[in-house]
Amino acid sequence: RVSTQSTGVMGWNGEVQTAREYYPDAEYLVIARDRHQSVPSWAKLVGLLAEDFTAYNYVDLRGEARDEFIRLTGEGYHQTVEFCRSIPPERIKIIKFDEFFKDIWGHMKEIYQYFGWEMTPDFERFLAEQTAKQKEFVGTKLDYSQVSEEEINTLFPDLLTELFTNNKKRKEGEESGDKKKKNQ
């Protein structure tokens, strides 16, 4: 824990590896989203980014552009899994995206406790406002026109299974190792 100030580092573009070099003892928070929600959402985001250039918030990914989208998005998934596997379990907190938004307030309290941060009254008010707004939120419709469900199943690792199963096994392995050390 360097300080109560944090720097956001985006995992899909390689910044995480650079951050690890600068902060080798850092602790990490990963909010992981199911691939069946995430991949279509990324495709939609590409469209929103393209709106600045084309005035349309939709991109019809075909040919090389589609291949590159799939390659880069798949690469990001694999990098996330490998990154999370490389961090000792006591230095990484992984939360499921859907679970986080079901209870923003509770998860933020948990995150703050995990990192040893203090919640200010202003931040608590802000959280209460955001929690109320989230109850009204309607998610965007999943659009599989860019990448099919079958392709998602085939080309992208199941991030949630990978992260939660492997992290649980790693923690259990370390706990059993700690018990063996105590018994010796």
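For the atom pair Glu162 CD and Ile94 CD1, the distance stands at 11.0 Å (nearest 0.5 Å). With rounding to the nearest 0.5 Å, the separation of CD1 in Ile70 from CD in Glu75 is 13.0 Å.
Residues forming a side chain to side chain contact (heavy atoms under 4.5 Å, CB included) with Glu150 (at least two apart in sequence, or on another chain): Ser148, Thr154. By the salt bridge (charged side-chain N to carboxylate O under 4.0 Å, His left out) test, Arg91 pairs with no residue at all, sequence neighbours left out. In this structure Asp158 satisfies the side chain to side chain contact (heavy atoms under 4.5 Å, CB included) test together with Arg35, Leu160, Thr161, sequence neighbours excluded. Listed by chain and residue number, Glu151 satisfy the salt bridge (charged side-chain N to carboxylate O under 4.0 Å, His left out) test with Arg66 (two or more places apart in sequence, or in another chain). In this structure Glu99 satisfies the salt bridge (charged side-chain N to carboxylate O under 4.0 Å, His left out) test together with Lys102, sequence neighbours excluded. By the side chain to side chain contact (heavy atoms under 4.5 Å, CB included) test, Glu68 is found to be paired with Arg71, Leu72, residues two or more places apart in sequence or in another chain being considered.
The 12-atom threshold is exceeded at CZ of Phe123, counting heavy atoms of other residues, nucleotides or ligands nearer than 6.0 Å.
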Checklist line | His36/Asn153 under side chain to side chain contact (heavy atoms under 4.5 Å, CB included): CA gap, chis, key distance, verdict | finding: CA-CA 8 Å; His36 290 281; Asn153 286 334; 2.8 Å; yes
Margin query: For a side chain to side chain contact (heavy atoms under 4.5 Å, CB included) check, start with the C-alpha distance between Phe97 and Leu159, then their side-chain angles and the critical distance, and finish with the verdict.
Written below: CA-CA 11 Å; Phe97 180 89; Leu159 192 62; over 6 Å; no
Check: What's the verdict on side chain to side chain contact (heavy atoms under 4.5 Å, CB included) for Ile95 and Leu29, showing C-alpha distance, side-chain angles and the deciding distance?
Finding: CA-CA 8 Å; Ile95 298 174; Leu29 170 66; 3.8 Å; yes
Item checked: Worked verdict on Glu82 versus His78 for side chain to side chain contact (heavy atoms under 4.5 Å, CB included) -> CA-CA 6 Å; Glu82 290 310 310; His78 288 283; 5.5 Å; no
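Counting only heavy atoms from C-beta outward, the side chains of Arg33 and Lys96 never approach each other to under 4.5 Å. For the pair Phe101 and His107, the minimum side-chain heavy-atom distance is 4.5 Å or more. Under the 4.5 Å side-chain criterion, counting only non-hydrogen atoms from C-beta, Val147 is not in contact with Pro40.
The two residues Ser38 and Tyr77 make their nearest non-hydrogen contact at CB-OH, 2.8 Å. Taking every heavy atom of both residues into account, Glu27 and Phe115 meet most closely at CB-CE2, 3.6 Å. Across Phe100 and Ile111, no two heavy atoms sit closer than the pair CE1-CD1, 4.0 Å. Minimum interatomic distance between Glu90 and Tyr114 (heavy atoms only, all atoms of both residues): O-OH, 3.2 Å.
Checked by atom type and distance alone, the side chain of Ser86 pairs as donor or acceptor with a backbone atom of Phe83 at under 3.5 Å.
Relative to the six-membered ring of Tyr28, Lys93 misses at least one condition, a distance below 6.0 Å or an angle of at most 45° to the axis.
No side-chain donor-acceptor contact under 3.5 Å links Thr120 and Arg125.
Relative orientation of the Tyr112 and Trp117 rings is perpendicular, given thresholds of 30° and 60° on the angle between their planes.
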